[in-house]
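Here is the structure we will look at, set down as structure tokens.
Protein chains get the first letters and strands the later ones, always in sequence-line order, with residue 1 at the start of each. What you see is a predicted model; the values in this text were computed from it and never measured. Computed from heavy atoms alone, side chains included, the values below leave out hydrogens, waters and symmetry copies.
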Amino acid sequence: MAQCVQSVHEFIQDSFVPMVAVLCSEDAEKVTRKNNLNFSELLRPFCRLTSEGHMRDPNNQVQVVKNLRISVNNVVTRPSVPASGTPSLAQRLLLSEVVSTCQPAEGGVANVITAGDYDLNISATTPWFEAYRETFLQSMPAADHEFLNHYLACLLVVSSSEAVPVEKFLKLSQEQHRIQHSGEYTNPKWFIPNTLKYYVLLHDMSQGDEHRADSVYEDMKQRYGAQGCYLLKVNSRTAAAGADEQIPDPWSQYLHKSSLQSQDHYEESASVLANNTAVENNVGGTPELDGHHSEERDGSLVNSLDSTHPLQLDTSGDTPGSLDALRAVAVETKAGTAAAAAASHGACLTLNDHDRIRQFIQEFTFRGLLPHIEKNIRQLNDQLVSRKGLSRSLFSATKKWFGGGKVPEKSIAELKNTSGLLYPPEAPELQIRKMADLCFLVQHYELAYSCYHTAKKDFLSDQAMLYAAGALEMAAVSAFLQGGAPRPYPAHYMDTAIQTYRDVCKNMHLAERCALLSAEILKSQAKFSDAATLLIKMTSEDCDLRSALLLEQAAHCFINMRNPMVRKFAFHMILAGHRFSKAGQKRHALRCYCQAMQVYKGKGWSLAEDHINFTIGRQSFTLRQPENAVSAFRHILTNESQQASSQQAAFLREYLYVYKNVTGVCDVALPQLPLPYINSSATRVYFGHERRLAEGEKQAATHVSLDQEFDRDLAAMWRDLEEQVVASANRGVVPATFQATQCCLNSQTDNLRFPLAVVEEPIIVEVVFRNPLKVPLVLSDVSLLWKFTLKDFSRPQDAAVGDALAFSNEKETLVPGTKQSDDIIATEVIPEFFLNPEETKVARLKLLPHQTGQLNILGLVYNLASTPSTGGTTVSSSAALKSDGPSPADGTSVRGRQDLEIQGPRLNQTKEEKTSVSHGPDRRLDPTITPPMPLLEVFFLQFPTALLCGEIRKAYVEFCNVSGVPLCGLRVVSTHPDFFTFGSSSLATPLTPLSPTSFENCSAYKTLATPPGATPGSVAAVTLVSAGDFGLGEGGSGTSNGVAEIPLEDRVLKPGQSTQLPLWLRGPDHEGVHEINFLFYYESAVKGGKISHRVLRHTVFICASRSLCVRATACRSNTLPEEEAEEEDERRNGSMLVFVDVENINTNEAGVREFHIAQVSSSSKQWRLHRCINPAEDKDCKLNSRERGKLCFRATRCKPVQATSAAIEKYIFADLSLGNEQIISSTTPCADFFFRRCPPSDSRRPPVAVETQGRLSRSQGAGPGGGAEDLTSLVRKCNEVDLDIIVLWKAFVVEDNKQVILEGQLHVALQTIGKEACSLTQKEEAQEMVLLKFKPELPPPMTRPSMEQLSHLIKTNLHYPESYRHPFIHKSLCLVPVTLTLSNCSLAQVDVIIDLRHKTTSPESLEVHGSFTWLGQTQYKLQLRAQEVMRVPLRACFLHAGVYNLGTPRVFAKLADQGAMCETSQQTATPALIIIINDT
Amino acid sequence: MAVCIAVIAKENYPLYIRSVPTQNELKFHYTVHTSLDVVEEKISAVGKAMADQRELYLGLLYPTEDYKVYGYVTNSKMFRKLHNSFTDVMCNPFYNPGDTIQSKAFDGMVSAMMVQAS
């Protein structure tokens, strides 16, 4: 129970006060009317006595009467309450009125109670309850079984202006007597037969003659005694005299406690009270849609109330004084705002008059009333004592009567029968009760208690249950009120009393009074639990208001316990709120629910929480607090609701209905909608047109689309590519301001800067909606909400600031359907958007800016509806709901907005940012609209999806400038620069047919028919080509970043212009699916824009299948070059054999029938293929599946002329055609792809190779000791060939019963003599999977040149006749001259030792039967200069005919300046066999 | 038989609530929530010293007009079963203590304890 203003004692004392009736003459009434008051009202503020009174009890003990209050009322002869004990309608209305007007003050005192983890904010006091209680107790009808509110005295008031006041007094006295004794009236009830009459002469100071009044008063004194009459002088203020004088108005708080209400409160309470079944019980059930429904009924009821006010029925008669308070309420509610007018009470009274009235009351009480009571108590006491005649002591008397005898047991039925027992008013049984009541009224509680106690026993013995209950109640109260507490408070008396009142007497009224008293007493004794139980017991179905108030008090009891029971508090608050709402006390209901909400909020009790929120929402709505209603409903809907779908649907409908009414009220800005949930961080923004992917045969560049997922690796790759191409466009330097172009912004992209969008190009915002509910949602007229600041970027900055104009479409979107002014930004509207239950779906919304400036996308505007207007099942369900009331389901949609607020990434740079949670900006939705930029579209024609490895295919690419601005600087960069080429720019004549259609079955290569006479494969056509011609800068030596400028005519693409270019593709060398990314770069021809360049992305997937595998080996030719003059140089430079091993590894047997090797070409700076020395006759090398063929070529070193001078960086292309037409390998596309093959050849070529020469010369100059590194390279150098073999092939493929010839080329780079090179690079995974090394890698150890390498320093050749005839008969010794040719392969001086001695240890030399011997010098020491060729004449001596191996000389070589190093045996040549024939 | 079974977390939020007459679910929620006051009272009444040997049986907590609310009981098979099942749930390595219980086994066991709604 909440704290009360009054203490318990005060409260109980004030509940039972002596009642004084007033009978007033008409003239006297007129006098008081001047003050807008009747006589009893006039006295009311002064009815509390400030001084102490004294009286003597029957035992002559002085009893002090403190703080006594008397109640003065007009005599009302009509019965106020039916005898049934249930409150009348009028009384109910009054109580309801009192409660509803008493609302908690705004921001009033609130207790913060902390219980466990709950912090509750609870109103400290409940004034409405006190008001209710006071009114309730005051309006208690006088009952027969108790006398507390019977009139003890009667004031007879006559005005001094009366002609004969004494006569009037007489008349009034007779009137009083008639009322009391004639038996005509059952009401009012009088305490004692001889009621105290007190004569009051009322004198109006402003009118009457004071002397006359005084003389009349003297007369009265003589007639009635000085203690029985009084002269009251009032109205001493003239109206004119002190109009401006401020007089305190003590009446207002007594008379207008309940009159400050506004009209609608009253209407609400009155109507709903009358219809209290209209609000149904919602606890546990599905809430009905009766919020608006009941309101409508309210409206109709209010109208009906106007005509037939229920209160008017009670007060229609002109009978003076019914329940005055009730009438006052009725009058004032009808008057509505009459409260202000009524405020001028006591206008004619001065402060002196107030004092006089106060004095009058005191005089009356002390001189009149108290002695009267005292006298009566004595009389009654005497009566009782004499009647019983036994003892003076009541206690002993009662003990004697009942001490031994037990009350005979009676059945319940009998009890019920006797409950209605009525004693006659003057019955002796009642005398003791009367005495007790008198004692109680004058605060003699001890005596009262003993009397009540006695009376109780009396009544019980008579089975007069009503009387007994009354006695019990008062006994308990008086026991409590006894000072010094001689006995404990008998709570069980109260319980019995309540039970009796309620169950036996069926008098809820009395039971309620009893409970209120008892609860208050229990509360004062801190027995909160008992009080709560008592209060809860008193709740019943018949009276909602009472139940609500008592439940609320019970809830307060729970929270005030020593261990606050928070949850019980909350639960009873909810119950109270529910009953309040049934009683029509909407404000109180709302308050209760709000208080309970504090307990349930956020604790996981979602079902309860939803229910409370829902109720709050509805109550707020009916109380016209739509904002609160909306927020409460919003809470239900945004929560992860566990409600059933039907419940959710109901919530949603209700919400929409409420919302609609709210928005109907305010039309200024659209409110926020809670549904559907928008995952704002997942919002993506796309700049640019939606791409058309294919247009007939054309295939558009894929670019970026919203359908693609963001991939961090891919983004990094594109960024790298863009950086490369920007660097190449800016002469190799990436500008400091470089930022990668982002076409599609999402949560993972860098959104710190304002993105740049281009005017007249759409901006697409993809919003992710999620429907958290189990019911479908329909959004309609969805569009973006934006703000736009106009800026002209072409003008200087300060000017732009001056005329910055801001626009927004907020106003236009208020009303759906109105076409917006699209001249600034065209906003696309999505007419309808469905969201299934619990679905996540994206919507794409488009904006098309027509002006430059700064755009801010604020949010979304849409209509929200629960169900589509048509639909089978939903219609039936909504029809079912319609029966309950007007269902908002049909087409109710509300318009609202939701803002898109994107939180940037969490900052984590500085320490401050790390320790706090701060987020960076995210400017995804704030694009800057820049002036027009060129827009490129790229289409590919005849672009294959599958290729054989190395296959060459020609495709076309079309560039199209679709903007209004010329475009230039078109470049392309790719992840696979070796995949494609646009051809060399040096190409004078376009080789290819202009239209792609005429191209079919035409070779991609440029060919020349071989002259008919020439033998295929024998003549090598030689062309000299510089790598620079192929657009690769410095070809192989450059970094080859893969950027290619696209050869446009005039280098500019004009607006609307499109151009088609050929594009050659070469299948990747490795089989499998390859993702190839192109990035097209272009700039505006108009410089100085905000955007420096734009890019266009394209990704293709090429499936490469195996074709041929080419392996090539080079080895030194040991044969002596032919003795021809022009071959002199070649002989000096040496020649080489190249073996090319081609294998068909194609696995697709059905497709590819066979491969033809059409041509083998070489490309090198030093070597060229010379001729085909294939022994086989088949010129056209055909390879079926799994076949392999071998080709053998001789290669020669190029002429020094070619190798020197300016042409040193030029490549020599030599073509050896095996078919009947020569493919010119030095032109596009063959050479392009040769130069683009870079990665393998570049990586394999040791970087030192190039600088060796420089180093060599340096080391030569510096003398010996150049180091092993030099040595190594030097040695390696002599084994190096730098020859690339290009194998051009044709494949015959059957495709759709048609034979198609495919062409291709494979490259093999030969680098070292004797080492096999393969077109298929070996699996490099092993290298790529290197473990991470955290230590810096050690420099590779200084490797000494291996023995093997060193053994290649010198090439030896024996020159001798193949067969030699010698007549051994004639001459036994056969001498044959043999020339040993030594050629130094290296570039350094080499010391050579030739040892001709046969190895004795060698087993094979022993085998040779009859071995030969070398004649002459057996050991030579020579020095060979770089690349010097030296011949050493030798002579061999044979003894027999036979076959000999001449290859016995051992040659040791060492580098001349490497003295320390021992000689290395040089590789011996193949066996040199000589046949010696015996010539006979 | 039980009409409503709830497992409440230490912090007084529901880990699991299941009731059989589903149309009255809200009322059961309220009832369970309210009875927590009594549980709290009973637990605090025992005091800290007795905390370890505290009898887990709390008995009748809160009689309402229609139902009786019982606290945790060990001497009846019904509650032991619930306890064991709850232990199983807690032993599940994928269960995060403090989350609402979503377990088929637990559901099944609770259903077996419930009044069989026809």
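Note: His33(B) and Phe571(A) fail the aromatic proximity criterion, with ring centroids not under 6.0 Å apart.
A pairwise comparison of heavy atoms in Met565(A) and Asp37(B) identifies C-OD2, 3.2 Å as the closest pair. Scanning both residues, Thr34(B) and Arg567(A), for their nearest heavy atoms gives CA-CB, 3.9 Å.
Contact of the Tyr30(B) side chain with the Ile612(A) side chain is registered, since non-hydrogen atoms from C-beta on lie closer than 4.5 Å. Proximity of Val32(B) to Trp605(A): side-chain heavy atoms (C-beta onward) are separated by under 4.5 Å at one or more points.
Annotation: Gln102(B), atom CD; neighbour count of heavy atoms from other residues, nucleotides and ligands within 6.0 Å does not exceed 12.
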